[in-house]
4 protein chains.
Amino acid sequence: MTAASTPKGERRRQALVEAAAELLVERGFDAVRHRAVAERAGLPLSSTTYYFGSLDELVAAAVEHHGRAELVRGSALLAALPTQPRGVDAVVDLVLDQLLGPPAGERDAELVLLRYERLVATFRRPYLRPLMHVLGAELRGLLLEVFTRSGMEFDARRVEQVIAIVDGAVVNALIEINTDPRGVARRMLHEFLAP
Amino acid sequence: MTAASTPKGERRRQALVEAAAELLVERGFDAVRHRAVAERAGLPLSSTTYYFGSLDELVAAAVEHHGRAELVRGSALLAALPTQPRGVDAVVDLVLDQLLGPPAGERDAELVLLRYERLVATFRRPYLRPLMHVLGAELRGLLLEVFTRSGMEFDARRVEQVIAIVDGAVVNALIEINTDPRGVARRMLHEFLAP
Amino acid sequence: MTAASTPKGERRRQALVEAAAELLVERGFDAVRHRAVAERAGLPLSSTTYYFGSLDELVAAAVEHHGRAELVRGSALLAALPTQPRGVDAVVDLVLDQLLGPPAGERDAELVLLRYERLVATFRRPYLRPLMHVLGAELRGLLLEVFTRSGMEFDARRVEQVIAIVDGAVVNALIEINTDPRGVARRMLHEFLAP
Amino acid sequence: MTAASTPKGERRRQALVEAAAELLVERGFDAVRHRAVAERAGLPLSSTTYYFGSLDELVAAAVEHHGRAELVRGSALLAALPTQPRGVDAVVDLVLDQLLGPPAGERDAELVLLRYERLVATFRRPYLRPLMHVLGAELRGLLLEVFTRSGMEFDARRVEQVIAIVDGAVVNALIEINTDPRGVARRMLHEFLAP
DNA sequence: TATGAATGAGTCTTCATTCAT
DNA sequence: GATGAATGAAGACTCATTCAT
């Protein structure tokens, strides 16, 4: 159903979005240029402006691409999560899974970074705001459910605190040479939830 | 002693740094360009490459300029702070003064934003790392002293939590339209310190 | 009979011509582009190349559209004009009605401008020449009749002088800020006819 | 004194202006593009934006180049003109020399055309207005002097009529295949001055 | 008969950096 | 020590036209 039934135009558009999304993680917002995207997608330069009215649109699509993928993954994790009381250690990891994505791998740091780059970048790119709000709301929903299924009665305010702790920890860890944002956040969140 | 005894070269260098620093707050890292800096400083274009080996050096100088200014201000606040027990409300404000700068008006958000833009930007600009570390260490020292003088026995770990709470709150507030990062951080920090 | 009996193709073609004609007055020859025309007509982009072999054809059609409309209006004015001796003042106005169109308000200048833009543009657009000749001949016929019905025995040469005076006056008035080509032409023509 | 003492930068700037001016006569306003100008001048593309802040500036310089050259030529003719009574025939030719430039040669028509293209183009290019006013004023001064030295007491109004007659005649002649604007204007002006 | 898709060529402009003086 | 001059590479975006369907 993918290759066969997806209209060709839609496939090319998708290829551009993916190319842009890759550049976004690898080299940041500044790297998402018409030329770079087209080359990576193996498509002519003008296809970028054909499928996207402006570079901003393409950037937004790339941000959304990542955001959606993260939410899909988060939802999947949640769907597989039985409702049962859990200890702090377990909950902390579930929270990090939702907030920072999969535990590790090659580009762990880059992928985590992107979550904060886009937050900060939104300030100077108002066109990202609506998208970021939607993404943020869905993430919070997921997180709330994680707590619920773990037997913890957290309200929205408490969830917000958890998010703040994790994000604050990560943002400050970003300047380390061999940064381990996940590790730092885990420690901090653990202390917070089990003082 | 300043104008008279400072060598001309040093003065011009400083003018460039200040111009770059202004651009940095106003329009972000991308706005720090040779041309823009030189024009704002009222100096010839090539003075930028004459005094700074590359644009990165200039960016680093601008970041340092802001960082140092913040620390100077923070130190001054601290110097004027009598040692005496304080309630949570008072401490929260002192912390925010150190972490986010003066309560401010006009460009409050921009100035706060810069603190996070540079944190996040450091990941892709390794040359900023040493500087950011020094700056961070000094800030933490200031913060620790604030707690000490307020009769609170916080250790480094606790300070780190406070920083995380504030930074996490702010970073998430950055996507709001009429963002009030300071207000959000105040609420969150208050809940954290006086649950 | 118009909407009902006009074949669909012919109607769409006409819509394109009208869109092009609008762009032509509003923003000049350069503004007549496939995209702009199609968008304004609310038709698909490729309909422009489908109904017109090239952009030039479309431009020519737009020029003709205006030229014909002016002649139709001029003929109507003439048809309503009783044969009777007239003073210079009255004749001057009748001439201006024919040469510059209705006294107008809002876009007076733009509409007048077009008459000269197309004259000048014809030099570099040979494909407009035959059309411009036909249009010019008909206009001269109208003008001659105006004089005749006003009791003035002007020959073709005299008509040519009148045209020159008006056109020369207008063309020179085009560089004024709040240009009043009609006013300028009226004064000049008056002096010419009643020295 | 030309090549030797003219600073190099000024020479290159001049080369660009001349290239632009050539394109302007040969192919009209639309042909004055960065690429085309740079290529014709044998200079790198970016030299065009180095010497001229925008394409408009370059276009204006090209227009001024022609305008000034015409005035210089007109002044020279005038300087060589003894004060003495002249017949209509002679005066007509002197007027045409001033208004249309040298009698003939290769690109006669193109050069004449430019005088009207720029008049008409000014309407949609407001930045040309001041320049066109200055040029126009100087031309009128020249013309007035021509009449004075020929023993004709023309006032500004009469001069304006003469200009209108010539310009109107030319503008209408521009649509002819083998256009002879000078000839047409001569006949018309003659009739006007010696009816 | 129509049109959506597509693109190569070109538009103006910006910029970091080099270099001769 | 200082800078005006210069430019290759790249930036976002536009457009007439072609073509498969």
Side-chain angles (χ1 to χ4, degrees), chain A residues 7-13 16 30-39 43-59, chain B residues 7-13 16 30-39 43-59, chain C residues 7-10 12-13 16 30-39 43-59, chain D residues 7-13 16 30-39 42-59:
Chain A
K8 183 177 156 211
E10 198 45 49
R11 261 183 357 243
R12 308 185 102 209
R13 200 191 143 92
L16 290 171
D30 289 359
V32 184
R33 308 292 196 185
H34 285 119
R35 264 174 168 66
V37 172
E39 265 162 36
L43 291 173
L45 175 56
S46 50
S47 69
T48 53
T49 50
Y50 177 69
Y51 286 102
F52 298 88
S54 72
L55 196 57
D56 288 352
E57 267 186 42
L58 187 43
V59 168
Chain B
K8 184 181 153 208
E10 198 45 47
R11 247 165 27 226
R12 311 186 99 198
R13 203 191 137 90
L16 290 171
D30 289 0
V32 183
R33 304 258 145 93
H34 285 119
R35 261 181 172 62
V37 172
E39 259 163 40
L43 289 175
L45 172 58
S46 41
S47 66
T48 52
T49 48
Y50 179 67
Y51 288 103
F52 298 87
S54 74
L55 201 54
D56 287 351
E57 272 186 39
L58 190 41
V59 167
Chain C
K8 182 181 154 208
E10 198 44 49
R12 310 186 100 200
R13 203 191 138 90
L16 290 171
D30 289 359
V32 183
R33 303 259 144 92
H34 285 119
R35 260 178 172 63
V37 172
E39 259 162 40
L43 291 174
L45 173 57
S46 40
S47 67
T48 53
T49 48
Y50 180 69
Y51 287 102
F52 298 87
S54 74
L55 201 53
D56 288 351
E57 270 186 40
L58 190 41
V59 168
Chain D
K8 185 179 154 209
E10 198 44 49
R11 266 191 341 255
R12 306 184 103 208
R13 200 191 143 91
L16 290 170
D30 289 0
V32 184
R33 308 291 197 188
H34 284 120
R35 263 175 168 66
V37 171
E39 264 163 36
L43 290 173
L45 174 56
S46 49
S47 69
T48 53
T49 50
Y50 177 69
Y51 287 102
F52 298 87
S54 72
L55 196 58
D56 287 353
E57 268 186 41
L58 187 43
V59 168

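A note on names: the letters A, B, ... follow the listed sequences, proteins ahead of strands, and every chain is numbered from 1.
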Counting only side-chain heavy atoms from C-beta out, which of dA10(F), dC15(E), dT13(E) sits nearest to His34(D)? dT13(E)
Spacing between Glu57(C) atom CD and dT17(F) atom P, to the nearest angstrom: 10 Å
Closest non-hydrogen atoms of Ala38(A) and Pro44(A), given as atom of the first, atom of the second and distance, are CB-O, 3.9 Å
When you match Pro44(D) and Thr48(C) each to their closest nucleotide on DNA chain F, which lands nearer the 5' end? Pro44(D)
Tell me the interatomic distance from Asp30(A), atom CG, to dA16(E), atom C1', rounded to whole angstroms. 15 Å
Can you tell me which nucleotide in dT17(F), dT3(F), dG8(E) comes closest to the side chain of Ser46(B)? dT3(F)
Is any side-chain heavy atom of Glu57(B) less than 4.5 Å from a side-chain heavy atom of Tyr51(B)? no
Value in whole Å for how far the P atom of dG4(F) lies from CD of Glu39(B): 13 Å
In whole angstrom, give the distance that lies between atom CG of Leu43(C) and atom P of dA2(E). 11 Å
Heavy-atom nearest pair, Ser47(A) first then Leu16(A), reads O-CD1, 3.7 Å
Rounded to whole Å, how long is the line connecting atom CZ of Arg35(C) with atom P of dT11(E)? 16 Å
Identify the nucleotide, in any strand shown, that forms a Watson-Crick or G-U wobble pair with dC12(E), with both distances under 3.5 Å; if there is none, say none. dG11(F)
Does the structure show a Watson-Crick or G-U wobble partner for dA20(E), both distances under 3.5 Å? Name it, or say none. dT3(F)
Note: for Leu45(C) and Gly53(A) on DNA chain F, the residue whose nearest nucleotide lies more 5' is Gly53(A)
Minimal heavy-atom distance between His34(C) and Thr49(C), with the atoms involved, is NE2-CG2, 3.5 Å
Grab the CZ-C1' distance between Arg12(A) and dG4(E) for me, whole Å please. 13 Å
Look at the side chain of Thr49(D) and decide which nucleotide, out of dT7(F), dT14(E), dG10(E), has an atom nearest to it. dT14(E)
Nearest heavy-atom contact between Leu43(C) and Arg12(C) is CD2-NH2, 3.3 Å
Separation of atom CZ in Phe52(C) from atom P in dA2(E), rounded to whole Å: 13 Å
Proximal nucleotide (of dT17(E), dC15(F), dT3(F)) relative to the Tyr50(B) side chain: dT3(F)
Between dT17(E) (P) and Tyr51(B) (OH): distance, integer Å: 19 Å
5'-most contact on DNA chain E: Ala36(D) or Ser47(C), nearest heavy atom basis? Ser47(C)
Report which part of the nucleic acid Arg33(D) touches: base, sugar-phosphate, or nothing (heavy-atom distance under 4.0 Å, all strands). sugar-phosphate
